Every structure is written in C-alpha cells, then in structure tokens.
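Atom set for the values below is all heavy atoms of this structure, side chains included, hydrogens, waters and symmetry mates excluded. A quick note: this is a predicted structure, and the numbers were derived from the prediction, not measured. Every chain is numbered from 1 and lettered A, B, ... according to where its sequence line falls, protein lines coming before strand lines.
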Amino acid sequence: MELAKGLNPQQKQAMTAGLGPILVMAGPGSGKTRVLTQRIAYLISHMGVRPYNILAVTFTNKASKQMGERVNEILDGETRGLSLGTFHAICARILRRESEVLPFDNNFVIFDADDQRGLVKSAIKEMNLDDKAYRPHSVHNSISRAKNELILPDDFPINTYRDEVVQRIFVRYQELLLNSNALDFDDLLLWTAQLLEEHPVVREKYARRFEHVLVDEFQDTNMAQYILLKHLAGHHRNIFVVGDIDQSIYRWRGADYRNIMRFEQDFPNAQTILLEQNYRSTQNILDAAMAVIDKNAHRKRKELFTDRGKGDKLVLQETFDGREESTYIVDTIAKQVLKGRQPGDFAVMYRTNAQSRLLEEAFMRAGLPYKLVGAQRFYGRREIKDILAYLRLVHNPGDEVSFSRVINTPRRKIGNKAIQALRTVSINEKKSVSEVLLDLAGGDQSEYYGAFSTAQARAFSSFGKLLRNWRTEAEELKPLALIDRILNDIDYQSFLDDGTEEGIERWENVMELRRLAAEYEQRSLIEFLEEVALVSDQDTVDSNANVPTLLTLHAAKGLEYPVVFISGLEDGTLPHIRSFDDPESMEEERRLLYVGITRAKDRLYLTHALNRSTYGFTEPTDPSRFLMDIPDELTEGSAPAGIRISSRQRKFQEQTTWGKNDASAPIIEPTYRAGQNVRHPTYGEGMVLNTKIDDGEEIVDVFFGEMGTNKRLIASFAKLEIIE
DNA sequence: GCATCGGATTTTTTT
DNA sequence: AATCCGATGC
C-alpha cells in the first residue's frame with residue numbers, strides 16, 4: 001500500500017509519526033483532512049491498530065462522514081468498529097450506554113437552542129423574576145459559558161447580585177432539564193466529562209478502548225472538550241491533534257485556542273509538525289490572507305506558500321448599498337457562468353445571517369437558483385419543530401417542552417386553564433404530565449378523570465389515546481411511518497393549509513422532513529432524533545447541486561470554492577460592531593476574514609456598500625478597516641482600499657452612484673425595448689433597435705431618423721425619453 | 001379560548 | 001423589516 005504517495009515531507013512525517021502526543025499546526029489548505037485520514041489508515045494498516053481502538057473527533061458530521069468514506073476507500077472497507085463523529089455525537093453515544101450511573105434515562109432527548117432558551121425563560125417566570133431584567137437569552141449565555149468551563153451551579157462564580165440570581169436560575173434550569181429527561185448541547189460534554197472524572201472504571205474502559213485519539217479543528221475546542229480528551233488520552237498519550245490558531249473563530253461559545261498551549265504543557269515532548277504549503281489558493285490570495293492576519297498581536301508568523309503561481313488579482317468592489325452589492329455579485333456570477341464556469345464554483349460569504357436576504361432577493365430577481373447553508377433555518381421552522389416535538393414526546397414522554405408545544409397544536413380545545421389543572425395533578429401525583437395524560441387515555445376508568453371538568457377530561461382523554469397508540473406503534477414503525485401516522489391522526493395538513501402561500505410552503509417543509517426521515521429506514525427513532533438535534537449548518541452544504549452557495553463566514557470554515565465573494569466588508573459588519581470594544585474579539589473578527597479569504601482557490605471578490613440598512617434604518621458606512629491592510633498591488637477594482645475614503649469623497653461618490661442608480665433602476669432588467677420611440681437631447685427622435693445588459697449597464701442601440709445614424713448609448717448616461 | 005392589534009425588540013457568529 | 005409578546009376584546 002502506497003499511503004505516502006503524493007504527500008509532502010511534513011505531511012508524511014505527520015502520517016507516520018510514532019506513538020505519543022502529536023500536534024499538527026496546519027495552515028489553511030495544507031491538506032490536513034488528508035493527513036488525518038491517511039494517519040488513521042496508517043495506524044490500521046502499518047501499526048496494527050484495530051479500527052475499534054481508534055477515535056477520531058471532528059467538528060461537523062459532514063467532516064466525519066467524509067473522513068469515514070475516505071478511510072474506507074483507502075482500506076478497502078476494513079474499518080469496522082472505527083469511532084468517528086463530532087464531540088457532541090460521541091458524547092451522546094457514551095451517555096446512552098452508561099446511563100445507569102447517570103441521573104437520566106438512556107432515551108433522553110437533546111434540546112435545541114430554542115428549547116434551551118424556553119426552559120430558561122420558564123425558570124425565570126417560575127421564580128417571579130422580570131424577564132426584561134434577566135433576558136433569557138443572556139442568562140442562558142452565562143449558563144452555557146459556565147457549563148463549557150465545567151462549572152456546575154454550586155461553583156458558579158459570584159461577583160454581583162446578578163450572578164447570584166443567575167446561579168439560582170442555573171440550578172432550576174438543570175432541574176427542569178432532568179425533569180424532562182433532556183440534555184442541552186453543553187450537557188452532552190459536561191456529563192461525559194463528569195462521568196469520566198467520577199467513575200474510574202468507566203474512564204478506564206473508554207481510555208483503553210480508544211487507544212488512539214485524533215482531533216480535528218483543535219483550536220476550537222472548549223474546556224469541557226479539552227478535559228474530556230485529557231481523560232481519554234491522559235494515560236496512553238496517543239493523541240494526535242490538528243489545528244490552526246489563526247482559524248479559531250468560536251471564542252464566543254467557549255472555544256479557547258490556548259488549549260493548544262495547554263496541550264504542549266499537559267503532553268510534554270509532543271511532536272510538533274508544521275504544514276505550511278498550501279494546495280488550494282493562488283499566491284495573491286495567500287498574500288492577502290497573510291497581510292490581514294499578520295496584524296494580530298502575539299502570533300507566530302506563518303509563511304503560506306503555493307506553487308500555483310500568483311493568479312488573478314483580488315477584485316474590490318464598492319457599491320452604493322446592499323441591494324446594489326447583491327446585484328453586482330449575482331451579475332458577476334451570471335457573467336462568469338456564461339463564460340463557462342460552473343455555478344457550483346461560487347460561494348458568497350457574509351458576517352451575519354441577516355445579510356443573506358438581499359442576496360437571496362438578487363438571485364430571485366435574476367431567476368437564478370442558489371443554495372443557502374443553514375440548518376437552523378430549516379429545523380427552526382414552526383412546522384418542523386411541531387412534528388419533531390411529537391416524535392420526541394412519543395420517544396420520551398417526560399419531555400415537558402415538547403409536551404407543551406404539542407398539547408394544543410393543532411387546536412384541540414386544551415387551554416391554559418386545563419393545562420394548569422393537569423400540571424397540578426401531575427405535581428401532586430409526582431408523575432410527569434404525560435404519564436397522567438396516558439392514564440387519562442383510559443377515559444372515566446382513570447382515577448384522575450374526576451379532577452377535571454367534563455370537557456377538559458374528554459379532551460385530555462382523546463389526546464392521551466393518540467399518544468398511547470403512537471407509543472405502541474413506535475416499537476414497530478420506522479421514523480417515516482410514525483411521522484405519517486402522526487400527520488394523519490392530527491390532520492396536520494389541513495391545520496397548515498390556511499389558504500395562503502405560506503401554508504403551502506409549510507406543508508412542503510413537512511414533506512422535506514419526511515424525505516429526511518426516509519433515510520432512516522434501517523435506523524431507529526432515537527438515531528433520527530439525535531442526528532436531527534445535532535446537525536450542524538455545514539452538514540447541509542450540498543456540493544452536488546451545482547448552484548452558488550450562500551453562507552456565513554463561520555459556516556465556511558473547512559470548505560473551499562474556486563470563486564469566493566466576501567460581502568459587507570464594512571466597519572460595523574466585519575469587524576462587527578459588537579466586537580469594537582474588545583481587542584480579543586477584534587482579533588477574532590480578523591481571523592474570520594482570514595478564514596473567508598483562504599476559502600478561495602482561484603478568484604476572490606471583496607465587496608462593501610457605502611450605505612447599509614440594519615433594523616430598517618439605512619446608514620452610511622466606512623469600508624472595513626481590514627481592507628486597508630491588503631496591499632494595493634494584490635487588488636484591482638473600484639474601491640481604493642488602501643486609502644481611507646474621506647467623508648467628502650464619500651459624499652461625492654454617493655451622489656454619483658445615486659445619479660447612476662436612478663436612471664438605470666434594477667441592473668438586470670432593461671428599461672427599453674426594441675421598437676420603442678425615444679427622444680435624445682442632442683440626437684433628437686429615434687427608435688430603439690436593440691437593448692442589452694452588460695457589466696450591470698443597459699446598452700441601447702438607437703436609430704436616429706433625423707440624423708440618419710445609429711448610436712450605441714449607455715442608458716444611464718444618455719438622457720433618453722420614451723415617447724408614447 | 002382565541003384572534004387581533006400595537007409596541008417592543010432584534011442581529012453576531014452555532015454545536 | 002420582521003418577529004415576538006402581552007394586552008384587549010369577542
């Protein structure tokens with residue numbers, strides 16, 4: 001087997017390194033995925049390690065799936081037992097298996113961000129606190145931060161009165177989770193780390209099993225993940241981590257690139273391997289990336305190089321506003337597709353999700369298909385959450401959040417009063433609401449029947465029967481069949497169908513969920529629910545569609561495209577205004593741009609708008625300060641990025657762009673058509689012969705009878721008047 | 001119990 | 001601009 005074929009010396013060194021800790025510092029496009037897969041293959045084929053004894057952790061399911069496929073290819077299918085997955089997925093698996101020693105059942109459900117916030121909110125409400133003073137979002141943030149640092153309520157650091165309150169909410173929040181037999185994302189890591197900490201037998205079991213641990217995107221691990229790794233690999237020290245400090249972009253969710261330094265301390269004598277050669281981008285792109293990232297303080301300089309040559313210059317494009325920016329991008333893509341580029345070669349990246357809307361509109365105006373990356377967009381929809389809540393409740397009746405969501409959706413005349421009454425019974429009986437509900441399925445045979453008004457008892461009873469049936473059926477039915485059963489029983493289609501376009505769209509989303517469930521014919525409901533809960537945005541990247549991709553800079557990490565647009569390069573957007581007062585955050589914004597730039601293989605467009613509207617208000621902007629760091633000789637285009645535009649200059653530009661914009665209106669739709677009669681101030685009356693769009697301008701050919709000549713005019717400059 | 005209206009609030013990034 | 005929340009009225 002020629003595993004080393006095509007590897008450079010450093011890659012080869014990483015692949016063939018012996019036992020013990022190994023730290024691979026991999027620049028963008030340096031083939032780190034390749035190194036990881038080859039390393040796994042090498043361990044199995046050359047070092048006699050059984051796949052069963054290898055654990056490889058990635059950041060997205062997509063990455064782990066891809067890695068699995070490649071290893072499988074190299075080894076011709078000899079990979080049975082290999083453990084591959086995201087931190088969260090692997091932890092979920094361990095927790096289900098070890099649930100006897102844990103305070104929850106192995107059929108626990110995973111609450112998504114929405115559920116988590118909702119739960120914090122109900123804790124706040126319960127405690128009679130003001131949810132204006134204690135914003136659920138921000139309280140949850142504090143709690144999540146703590147959990148990522150492995151801090152439990154008891155150890156929650158208290159400096160202010162607010163901390164004290166948050167601590168109490170934290171306590172209640174954890175109780176509510178356990179009451180529902182549910183875990184949040186952070187719990188998956190927290191409970192696993194704790195399990196390994198407190199149960200030496202379990203720890204040894206996994207440490208022994210995972211004789212070799214490999215970690216991708218190590219710079220984005222948080223404390224909980226780091227401790228987890230230490231528990232697993234602390235003894236045998238066969239830990240192979242790959243990372244790049246310059247691509248650390250998740251500090252805000254607890255990631256700490258200093259884990260790389262900790263690694264060097266905790267695993268002394270680690271072999272460090274540097275991968276600097278870039279196989280992705282042209283040198284101009286790499287030079288721009290380095291120019292941006294070099295401004296970060298306290299950083300070991302890396303020299304990114306390629307043998308691909310300088311390549312095209314980066315294109316800077318300034319536009320009047322976000323709408324014009326989007327039109328420019330779509331227009332440029334359309335033009336290049338006509339010249340033979342594949343639509344799938346393009347990606348448009350942006351700092352905030354809100355920016356995608358203008359882009360989507362521009363694509364739709366142009367009638368061109370595109371693909372938006374973002375799982376939350378889909379799984380966050382009401383109709384999808386409804387159906388998933390039904391499934392979750394069937395699987396785990398303890399799930400109070402799903403219960404609340406589902407109990408009166410579609411309307412079944414169970415209002416707040418009735419639910420309160422049910423809650424009272426459930427608390428008195430020390431049973432979950434669903435247990436009481438299931439009991440009520442027995443009609444007046446149920447001992448609780450009398451606790452309600454007749455109408456309430458009937459309503460509960462009939463819903464209880466449904467739930468009971470689904471639970472029985474769930475033992476046999478596959479996820480898809482169960483969904484169909486539920487959809488049918490609750491007549492969800494007519495519930496959604498309110499005669500509007502939106503209603504139809506919602507039903508189509510449900511059908512899309514069905515399609516996803518159909519892929520689980522061989523797997524169980526719990527697997528379906530778990531994967532759905534843990535999908536990452538990147539998992540929805542569809543590289544087969546051959547259409548341009550729209551995604552946030554965060555979602556772009558690890559991906560590459562021949563042509564990349566980074567839009568909204570303005571101070572306040574990138575760097576984002578919320579980072580202005582914190583130098584560390586500003587450095588992270590810079591890294592974000594660095595990640596974006598280094599996604600591009602051949603061509604890179606950097607665009608910024610002179611006016612941007614947020615919250616419905618339009619305001620003038622300054623070009624991103626990061627643009628100034630890119631040397632002029634690497635770029636071409638309208639915006640003098642090297643020079644900060646003075647406000648007087650900007651005013652002038654605003655005016656001229658305004659004028660241009662007024663006359664030509666939407667750039668891709670022609671204003672004139674052949675056969676029309678027009679009047680020109682100097683040439684007089686004439687007839688339009690032909691009109692076309694070029695470079696965002698409408699070009700009109702006109703025959704002027706009085707002059708006896710044909711003229712080719714740019715519509716936005718020539719003051720043509722249409723004569724009826 | 002449910003629909004409707006108006007005001008507040010939101011957007012940073014996500015497993 | 002769009003969504004969410006609570007109060008109000010039926």
Between Thr60(A) and dT15(B), does any side-chain N or O lie under 4.0 Å from OP1 or OP2? no
Give every pair of a protein N or O atom and an N or O atom of nucleotides 4-8 of chain C that lie under 3.5 Å apart, one pair per line with the distance.
{"residue": "dG6(C)", "atom": "OP1", "partner": "Lys125(A)", "partner atom": "NZ", "Å": "3.3"}

With under 30° as parallel and over 60° as perpendicular, where do the rings of Tyr492(A) and Trp507(A) fit, or are they tilted in between? tilted
So, using ring pair (Phe, Tyr, Trp, His ring centres under 6.0 Å) as the criterion, who are the partners of Phe59(A) when residues are at least two apart? none
Check the phosphate of dT15(B) against Asn222(A), side-chain N and O only, distance under 4.0 Å to OP1 or OP2. Yes or no? no
Decide whether Arg365(A) and Thr327(A) meet the rule of one side-chain donor and one side-chain acceptor closer than 3.5 Å. yes
Could you tell me which residues satisfy side chain to side chain contact (heavy atoms under 4.5 Å, CB included) with Pro583(A), sequence neighbours excluded, listed by chain and number? none
Check: Tyr257(A) main-chain N/O paired with Gln219(A) side-chain donor or acceptor under 3.5 Å: no
Once you round it to whole Å, what is the distance between C1' of dT14(B) and CD of Gln225(A)? 12 Å
Quickly work out the Arg578(A) CZ to dT10(B) P distance and round it to whole Å. 8 Å
Determine: side-chain N/O of Arg251(A) to OP1/OP2 of dT13(B), distance under 4.0 Å, yes or no. no
Expressed in angstrom and rounded to an integer, what is the separation of Arg145(A) atom CZ from dT14(B) atom C1'? 13 Å
From CZ of Arg381(A) over to C1' of dT3(C), roughly how many Å is that when rounded to an integer? 13 Å
Interatomic distance where CZ belongs to Arg357(A) and C1' belongs to dT3(C) [whole Å]: 12 Å
Between Ser579(A) and Thr86(A), which is nearer to the 5' end of DNA chain B once each is assigned its nearest nucleotide? Ser579(A)
Whole-angstrom distance between dG6(C) and dT11(B), as gauged at atom C1': 23 Å
Has Trp252(A) got its ring stacked on dT13(B), by the test of a centre gap below 5.5 Å and a plane angle below 30°? yes
Main chain of Asn353(A), side chain of Ser356(A): is a donor-acceptor contact present, judged purely on distance under 3.5 Å? yes
To the nearest angstrom, how far is His554(A) atom NE2 from dT14(B) atom P? 7 Å
Just do the salt bridge (charged side-chain N to carboxylate O under 4.0 Å, His left out) check on Asp184(A) and Lys147(A) with the steps written out, would you? CA-CA 10 Å; Asp184(A) 67 15; Lys147(A) 286 169 122 180; 2.7 Å; yes
How is Arg135(A) classified with respect to the nucleic acid when contacts are heavy atoms under 4.0 Å: base, sugar-phosphate, or nothing? sugar-phosphate
Please list, for nucleotides 1-7 of chain B, all pairs of protein and nucleotide N/O atoms separated by less than 3.5 Å.
{"residue": "dG1(B)", "atom": "OP1", "partner": "Gly415(A)", "partner atom": "N", "Å": "3.0"}
{"residue": "dC2(B)", "atom": "OP2", "partner": "Asn408(A)", "partner atom": "ND2", "Å": "3.3"}
{"residue": "dA3(B)", "atom": "OP2", "partner": "Arg411(A)", "partner atom": "NH1", "Å": "3.3"}

Applying side chain to side chain donor-acceptor pair (under 3.5 Å), can you list everything that pairs with Asp539(A), at least two apart in sequence or on another chain? Asn61(A), Ser536(A)
State which residues pass ring pair (Phe, Tyr, Trp, His ring centres under 6.0 Å) with Phe263(A); sequence neighbours excluded, sorted by chain then number. Phe218(A), Phe267(A)
Which part of the nucleic acid does Asp186(A) contact within heavy-atom distance under 4.0 Å: base, sugar-phosphate only, or nothing? nothing
Please state how far atom CZ in Phe185(A) lies from atom P in dT15(B), giving the value in whole angstrom units. 7 Å
Quick one: closest heavy-atom pair of Gly558(A) and Arg599(A), and the distance? N-NH1, 3.3 Å
